[in-house]
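One structure is given below, encoded as structure tokens.
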Amino acid sequence: PYDIWYDGFKSRSAIPEDKLTAETRRRYPDAEAFHRDMPRMLRNLGFDAAEAQFLADHIVVEGARGSGHAWECLGRTEPARLRTRIGADGMDYKGYNIAVHEFGHNVEQVTDLYHIDYYTLFGVPNNATTEAMAFLFQVRDLQLLGYGRQQMDDNATLDIFWGMYEIMGVSLVDIYTWDWLYAHPSATAEELRDAVLRVAREVWNQYYEPVLGTHDSPLLAIYSHMLDYPMYLPNYPVGHIIHYQLEEHLAQCGSDAAFAAELQRIYRQGRLTPQLWMQGAVGAPISVDPILTAVSRILP
């Protein structure tokens, strides 16, 4: 009853995961099959055929030992790399969902490297900005499998909001853990473990127990990102905030082609300061207000 990884707002919650896995394994028995399908997926999102092929030609797909990640190209001679878990029977739905997320990262990485007008500004303002692009792709994973077009309806809004609520708590644990580490530079592994668990319980009791119940839950300590990629987790909630603002803005596009063109315009701005980038993207600063306003309308 206090599990914060709630999936019920997603349209896929009505589709058995084993059915989705059967479909993704049929389509993607190996990494090359996913790579071959990239141009079609991009055309589905509104990219023209030439640009879809250009982007796919600059991305390499590889199997991952872990869950998956994207690696950017740092010069115009190297491809961006997409890695996701591919089992012996092919790509299951979880691996596919991750792959689509990483695909969004790769499209951003290629777009704002090869299409930037001033080379030294290639990239995005921060990791939260690229996470927003990855989320834009990830929420359309069923659309790319032929289950209909993703719409920014009330359920989609609540799903982004819930994901934001979950990852904000984990991000606070990340921040407080590193604050503790700076104050205890000689800490042992056991002391660090105890500190992470203590911080996780404190954050839960303050922000989650009043809503979900259960005292002293350690759930928020589950993310290994805290030590593998220090201070990366806060990029996810900020990425959700940016993602929702982009979705609101892109919903005004009258066609798939207009959607893709506007997405490319936004991500061709380059490595500006975050707020200047956001002003150029949607005409407003980064703010949690739009999604709070929407949720207040949905759940008065």
Side-chain angles (χ1 to χ4, degrees), residues 5 7 10-114 127 130-131 133-150 223-225 228-229 232 236 256 260 263-264 267:
W5 291 280
D7 213 28
K10 293 180 174 66
S11 56
R12 71 164 179 258
S13 63
I15 306 171
E17 187 165 334
D18 56 354
K19 178 181 179 180
L20 294 173
T21 287
E23 175 68 15
T24 56
R25 283 177 172 164
R26 181 187 68 79
R27 288 181 183 238
Y28 309 118
D30 51 36
E32 180 56 32
F34 188 85
H35 185 262
R36 286 196 303 268
D37 202 31
M38 280 182 170
R40 180 202 63 82
M41 288 190 278
L42 289 167
R43 292 195 302 272
N44 178 284
L45 294 174
F47 290 80
D48 66 49
E51 181 63 14
Q53 192 63 54
F54 176 87
L55 290 166
D57 287 346
H58 289 81
I59 300 170
V60 171
V61 182
E62 300 168 333
R65 292 185 178 184
S67 60
H69 66 280
W71 193 261
E72 65 181 321
C73 37
L74 296 177
R76 291 176 179 173
T77 59
E78 294 295 325
R81 295 184 180 273
L82 186 161
R83 296 186 177 100
T84 193
R85 179 67 66 87
I86 304 172
D89 297 328
M91 189 183 294
D92 63 14
Y93 174 71
K94 181 179 179 181
Y96 165 77
N97 179 261
I98 292 170
V100 175
H101 177 97
E102 307 306 338
F103 189 23
H105 281 305
N106 292 141
V107 170
E108 170 267 303
Q109 292 159 352
V110 175
T111 295
D112 53 36
L113 172 63
Y114 284 88
N127 286 321
T130 187
E131 289 300 340
M133 179 70 138
F135 291 143
L136 277 161
F137 272 59
Q138 188 174 11
V139 299
R140 290 168 171 79
D141 66 337
L142 293 186
Q143 173 180 324
L144 298 178
L145 287 177
Y147 282 89
R149 312 206 76 71
Q150 188 268 347
Y223 281 74
S224 62
H225 294 58
D228 285 346
Y229 306 99
Y232 192 92
Y236 289 117
D256 291 341
L263 193 59
Q264 288 182 289
Y267 275 88

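What you see is a predicted model; the values in this text were computed from it and never measured.
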query: Less than 4.5 Å apart, any side-chain heavy atom of His58 and any of Val107?
result: no
- request: For Arg140 and Leu45, indicate whether the former's side chain and the latter's backbone hold a donor-acceptor pair under 3.5 Å.
  value: no
- prompt: Got a sec: does the CZ of Arg65 have more than 12 other heavy atoms crowding it under 6.0 Å?
  reply: no
message: What I'd like to find out is whether the side chain of Leu20 reaches to under 4.5 Å of the side chain of Tyr96, using heavy atoms alone.
response: no
query: In Å, rounded to the nearest 0.5 Å, how long is the span from CG of Leu113 to CG of Leu74?
result: 8.5 Å
- line: Shortest non-hydrogen pair, Phe34 vs Ala99, comes out as CZ-CB, 3.7 Å
message: Between Arg25 (side chain only) and Met91 (backbone N and O only), is there a donor and an acceptor less than 3.5 Å apart?
response: no
Salt bridge (Lys or Arg N to Asp or Glu O under 4.0 Å) pairs, two or more places apart, involving residues 89-105: none
- request: Decide side chain to side chain contact (heavy atoms under 4.5 Å, CB included) for Arg85 and Ile98; before the verdict, give the C-alpha distance in whole Å, the side-chain angles of both, and the deciding distance to 0.1 Å.
  value: CA-CA 8 Å; Arg85 179 67 66 87; Ile98 292 170; over 6 Å; no
field: Heavy-atom pair with the smallest gap, counting every atom of Cys73 and Gln109
entry: SG-O, 4.2 Å
- request: Start with the C-alpha gap between Gln53 and Asp57, add the side-chain angles, then the distance that decides, and say whether side chain to side chain contact (heavy atoms under 4.5 Å, CB included) holds.
  value: CA-CA 6 Å; Gln53 192 63 54; Asp57 287 346; 2.9 Å; yes
Shortest non-hydrogen contact from Gly75 toward Tyr114: O-OH, 4.1 Å
statement: Heavy-atom closest pair (Gln143 atom, Gln150 atom, distance to 0.1 Å) is OE1-N, 2.9 Å
query: Are any non-hydrogen side-chain atoms of Thr84 and His69 less than 4.5 angstrom apart?
result: no
Thr130: partners by side chain to side chain donor-acceptor pair (under 3.5 Å), with sequence neighbours left out: His105, Glu108
field: Taking every non-hydrogen atom, the tightest pair across Tyr267 and Asp112
entry: O-CB, 2.9 Å
task: May I ask you to decide if Ile59's main-chain N or O and His35's side chain share a donor-acceptor pair within less than 3.5 Å?
output: yes
message: Taking the side chain as everything from C-beta on, heavy atoms only, tell me whether Arg27 gets closer than 4.5 Å to Asp37.
response: yes
query: Salt-bridged, Glu23 to Lys19, with N to O below 4.0 Å?
result: no
query: With a 4.0 Å cut-off, would you call Asp256 and Arg43 a salt bridge?
result: no
message: As a quick check of understanding, evaluate side chain to side chain contact (heavy atoms under 4.5 Å, CB included) for Glu62 and Val60, giving each step before the final call.
response: CA-CA 7 Å; Glu62 300 168 333; Val60 171; 3.9 Å; yes
query: Cut-off 3.5 Å, side chains only: do Glu131 and Asn127 have a donor facing an acceptor?
result: no
- prompt: Under 30°, 30 to 60°, or over 60°: which ring-plane class applies to Tyr232 and Tyr236, parallel, tilted or perpendicular?
  reply: perpendicular
- prompt: Just checking, is any N or O donor in the side chain of Tyr93 or Asp141 under 3.5 Å from an acceptor N or O on the other one?
  reply: yes
message: Are Leu55 and Phe47 packed together at the side-chain level, in the sense that at least one heavy-atom pair is separated by less than 4.5 angstrom?
response: yes
- prompt: Considering only heavy atoms from C-beta outward, does the side chain of Leu82 approach that of Trp71 to under 4.5 Å?
  reply: no
message: Any heavy-atom pair between the side chains of Val61 and Glu32 that's under 4.5 Å?
response: no
statement: Minimal heavy-atom distance between Ala56 and Met38, with the atoms involved, is CB-CB, 3.9 Å
- request: I would like to know whether Phe137 and Asn106 meet side chain to side chain contact (heavy atoms under 4.5 Å, CB included); could you show each step before the answer?
  value: CA-CA 11 Å; Phe137 272 59; Asn106 292 141; over 6 Å; no
task: With the side chain counted from C-beta on, respond yes when Thr21 and Glu17 share a heavy-atom pair under 4.5 Å apart, and no when they do not.
output: yes
